[in-house]
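Take a look at the structure below.
Every value quoted in this text rests on a predicted model; they were computed, and no experiment measured them. Lettering follows sequence order; numbering is per chain, from 1.
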Protein chains: 2
Amino acid sequence: MEFRHLRYFMALAEEGNFGRAAKRVHISQPPLTRQIRQLEEELGARLFERTSKGVELTEAGHLFREEAVKILALAQLTGEKTRMAARGELGRLDVGIFGSSVLDVIPRLILEFRRRYPAVEVHLHNMTRPEQIQALQEGRLTVGFVRLFPDAPAMAVETVLKERLMVAINRDNELSRHREIALRAFVGQPLILFPSSPRPSLGDHIVALCNREGFTPRVVQEVEDVVTSIALVSSGFGICVVPECATSLRLPRVVYRPLKGTDQIIELACAYRPDDRSPILQSFLEVVRQFRSANEA
Amino acid sequence: MEFRHLRYFMALAEEGNFGRAAKRVHISQPPLTRQIRQLEEELGARLFERTSKGVELTEAGHLFREEAVKILALAQLTGEKTRMAARGELGRLDVGIFGSSVLDVIPRLILEFRRRYPAVEVHLHNMTRPEQIQALQEGRLTVGFVRLFPDAPAMAVETVLKERLMVAINRDNELSRHREIALRAFVGQPLILFPSSPRPSLGDHIVALCNREGFTPRVVQEVEDVVTSIALVSSGFGICVVPECATSLRLPRVVYRPLKGTDQIIELACAYRPDDRSPILQSFLEVVRQFRSANEA
DNA sequence: GTCTTTGATACCTATTGGGTATTGCCTGGC
DNA sequence: GCCAGGCAATACCCAATAGGTATCAAAGAC
């Protein structure tokens with residue numbers, strides 16, 4: 001049995017007449033007669049009752065017809081879905097995310113992606129950087145969002161956004177009176193570092209910057225996540241350096257001031273397997289790239 | 001897209017290697033390569049990633065594979081079901097029945113039919129003779145059980161069973177002392193006739209027989225159905241002539257005696273459209289014929 | 001009766017699916 | 001670094017078969 005048989009059968013069933021049915025499928029009448037007979041022989045079932053003025057479906061024919069429409073519809077749908085999948089418009093995308101990235105960038109990116117590719121199921125997985133790398137290698141993730149990505153592992157990395165570093169300060173702290181904060185102003189200030197893991201972290205980066213300036217910061221606390229660190233700032237525990245996106249976290253008595261210096265930025269990047277040719281990944285990267293160039297200006 | 005493509009695709013997806021897949025579908029490797037490429041071009045989607053040591057499904061390929069197995073399974077099943085339908089082993093049978101026929105014959109027949117053709121849905125419809133004829137003509141019934149079928153309408157009629165006529169008598173009636181009852185013994189007896197409709201009925205037949213014997217029976221009551229008539233016999237209202245199958249109705253004080261005479265029989269027949277070539281009808285008629293020859297002896 | 005319409009048959013043609021031979025590429029072994 | 005083995009792709013041929021044309025036979029319509 002071939003699809004040709006099903007198409008011819010449907011045409012004949014609907015037209016009830018070999019001549020018209022043949023015209024409809026763009027062949028002449030004798031080949032249609034032959035193909036139908038072939039189908040009937042293969043099925044071992046008479047599908048049409050030949051009457052004097054055309055043909056009528058037998059009972060077996062009626063049953064076959066019901067199934068045939070299903071098969072043809074399924075085949076049609078399969079073609080369309082496969083085409084969509086190949087264009088990266090249908091399927092599933094597993095995205096690795098982490099604490100502070102969720103605050104602002106990820107929602108905007110994912111929203112835009114879902115708007116453009118509504119048939120792609122997006123699954124978000126909150127994981128640390130090493131967990132993401134592992135998951136990417138094992139294929140459990142398609143793309144992961146990371147900061148301070150080590151060059152080493154065989155991963156392609158693409159910058160999503162360059163963010164200024166901001167200093168979160170309690171408004172009672174005298175530093176809050178300045179519009180920008182220089183690193184040197186950290187001398188003597190109680191500093192909250194985050195995240196405490198995984199290393200190397202933004203905290204490590206800040207300490208290294210201070211060292212380059214010729215002093216060692218007074219670290220009073222290391223915390224797991226950005227929300228906790230800002231909460232500590234809010235209660236007057238100390239100051240804290242955070243990526244700009246964290247400023248969307250508004251807590252009482254907390255003000256944000258840019259860290260002075262043009263190179264005081266941190267990159268948010270997305271990582272993926274360089275051998276992954278998945279069209280969904282390509283679709284996603286396209287959205288990322290547009291997002292980046294829109295936010296560069 | 002043709003089934004060929006699906007079969008080849010499945011083989012390749014499972015073998016992961018053109019050479020082995022080609023062997024599996026009994027063609028050589030180059031045509032398989034061509035057919036797969038053809039399928040990919042038609043779908044506008046790369047289905048396999050060609051690697052150094054074989055092929056692997058792409059994402060679109062995985063999706064296509066899942067759908068392909070459904071299509072192939074559906075096609076296979078369709079073939080089998082159609083074959084069954086053509087052999088009269090699958091489908092639906094609408095049977096017209098009526099009062100007294102239900103008592104004994106129909107259950108036995110239907111049970112046997114369902115044992116032999118378990119995939120045929122049997123629907124029973126209780127209707128009068130004219131209703132059955134109407135329904136048969138309109139195709140709402142495939143076969144109908146009737147008694148005293150008029151020859152006229154364009155229906156094929158097949159005898160199912162020839163039953164003796166029995167006289168139902170209250171045991172207090174002196175007639176109950178005889179082993180057989182002659183028609184002549186009806187003289188002066190209160191007679192219950194059934195059914196009152198549709199005409200011609202068994203009741204009419206009895207009256208005609210009496211007239212042929214030279215007397216007019218004393219009809220005390222006409223009733224709709226056999227159960228009522230036997231109930232009246234039970235309460236001493238009179239005697240009643242019924243088909244033998246009605247003797248399975250055991251009511252208090254009712255005894256059954258054969259009506260004397262070798263020609264005192266009534267036929268149960270089944271009627272169907274003579275132009276109906278439905279294989280299910282043929283299957284059913286076969287069961288009917290076997291039933292008849294089993295009960296003739 | 002004739003004419004029209006139906007599906008079936010006979011026979012030819014053209015498409016195309018499948019076969020063989022071969023190439024080109026990658027990989028693993030030495 | 002080179003060679004052998006296994007892989008898919010290519011080139012080309014042949015044969016199976018789907019489709020075309022001409023025609024027939026049967027069954028209404030008139």
Side-chain angles (χ1 to χ4, degrees), chain A residues 1-58 60-61 64-65 68 72 75 86 154 274-275 277, chain B residues 1-58 60-61 64-65 68 72 75 86 154 274-275 277:
Chain A
M1 183 163 65
E2 291 293 335
F3 277 108
R4 178 172 14 91
H5 293 119
L6 298 186
R7 287 188 291 265
Y8 292 175
F9 169 86
M10 287 304 297
L12 183 54
E14 275 161 29
E15 295 292 346
N17 169 308
F18 273 89
R20 282 197 303 276
K23 195 161 284 178
R24 183 155 138 184
V25 296
H26 308 110
I27 62 174
S28 61
Q29 172 257 315
L32 179 60
T33 296
R34 197 173 47 188
Q35 292 295 321
I36 294 294
R37 192 183 41 198
Q38 210 174 76
L39 177 62
E40 290 183 322
E41 276 167 14
E42 187 186 334
L43 290 172
R46 185 155 213 89
L47 298 173
F48 293 99
E49 204 61 62
R50 275 72 166 173
T51 70
S52 60
K53 52 177 164 302
V55 294
E56 271 180 14
L57 284 170
T58 61
F64 188 79
R65 180 199 158 105
L72 288 171
D275 60 329
R277 294 272 151 272
Chain B
M1 183 162 65
E2 291 294 335
F3 278 108
R4 182 184 52 255
H5 294 119
L6 298 185
R7 286 188 292 264
Y8 292 176
F9 169 87
M10 287 303 297
L12 183 54
E14 275 161 29
E15 296 290 348
N17 170 307
F18 274 87
R20 282 198 302 277
K23 196 161 285 177
R24 184 154 137 185
V25 294
H26 308 111
I27 62 174
S28 61
Q29 172 256 314
L32 178 60
T33 295
R34 197 173 48 190
Q35 292 295 323
I36 294 293
R37 191 182 42 199
Q38 210 174 77
L39 177 62
E40 289 183 323
E41 275 167 15
E42 187 187 334
L43 291 172
R46 186 156 212 87
L47 298 173
F48 293 98
E49 204 61 63
R50 276 70 166 175
T51 70
S52 58
K53 51 178 167 298
V55 294
E56 270 179 16
L57 285 170
T58 61
F64 187 77
R65 180 199 157 104
L72 288 171
D275 60 330
R277 293 274 152 274

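- Within the 4.0 angstrom heavy-atom criterion, no nucleotide atom of any strand lies near His5(B).
- Protein atom NE2 of His26(A) is 11 Å distant from nucleotide atom P of dG20(D), rounded to whole Å.
- The nearest whole Å value for the distance from the CD1 atom in Ile27(A) to the P atom in dA14(C) is 18 Å.
- Distance Phe18(B) CZ to dG18(C) P: 14 Å, rounded to the nearest Å.
- Shown here is Glu56(B), whose CD atom has no more than 12 heavy atoms of other residues, nucleotides or ligands within 6.0 Å.
- Residues Pro30(A) and Ser28(B) each lie close to DNA chain C; by heavy-atom proximity, the contact nearer the 5' end of the strand is made by Pro30(A).
- Proximity of a side-chain donor or acceptor of Glu42(A) to a complementary backbone N or O of Met1(A) within less than 3.5 Å is detected.
- Summarising the geometry of Ala11(B) relative to Val25(B), their closest heavy-atom pair is CB-CG1, 3.6 Å, with the distance given to 0.1 Å.
- dG19(D) atom P lies 11 Å from atom CD of Glu2(A), rounded to whole Å.
- Two residues are said to be in side-chain contact when any heavy atoms from C-beta on lie closer than 4.5 Å; Leu39(B) and Tyr8(B) fail this criterion.
- Among the heavy atoms of the strands lying under 4.0 Å from Tyr8(B) are primed sugar atoms or P, OP1, OP2 only; no base atom is included.
- Note on Arg34(B): every side-chain N or O is 4.0 Å or more away from OP1 and OP2 of dG17(C).
- If you check every strand for non-hydrogen atoms under 4.0 Å, Arg37(B) touches sugar and phosphate atoms only.
- When the P atom of dG7(C) is taken as reference, atom CD of Glu56(A) falls 12 Å away, rounded to whole Å.
- Close to dG7(C), at under 4.0 Å from its OP1 or OP2, lies no side-chain N or O of Thr33(A).
- Residue-level contact check: Gln38(A) touches the backbone only, with heavy atoms under 4.0 Å from sugar-phosphate atoms and none from bases.
- For Arg20(B), the side-chain atoms get nearest to dC7(D) when compared with the rest of dG19(C), dC7(D), dA9(D).
- Gln35(A) comes within contact range of the sugar-phosphate backbone alone, with a heavy-atom separation under 4.0 Å but no base atom that close.
- Arg4(A) places its CZ atom 17 Å from the P atom of dA16(D), with the value rounded to the nearest Å.
- Atom CD1 in Ile36(A) sits roughly 15 Å away from atom P in dT9(C) (whole-Å rounding).
- The aromatic rings of Phe3(A) and Phe3(B) sit parallel to each other, their planes meeting at less than 30°, with 60° as the upper class boundary.
- Residue order along DNA chain D, read from the 5' end via each residue's closest nucleotide, puts Gln29(B) first among Gln29(B) and Pro31(A).
- Distance, Phe48(A) CZ to dT6(C) P: 16 Å, rounded to whole Å.
- Listed pair Arg50(B) / dA9(D) meets the phosphate criterion, a side-chain N or O lying under 4.0 Å from OP1 or OP2.
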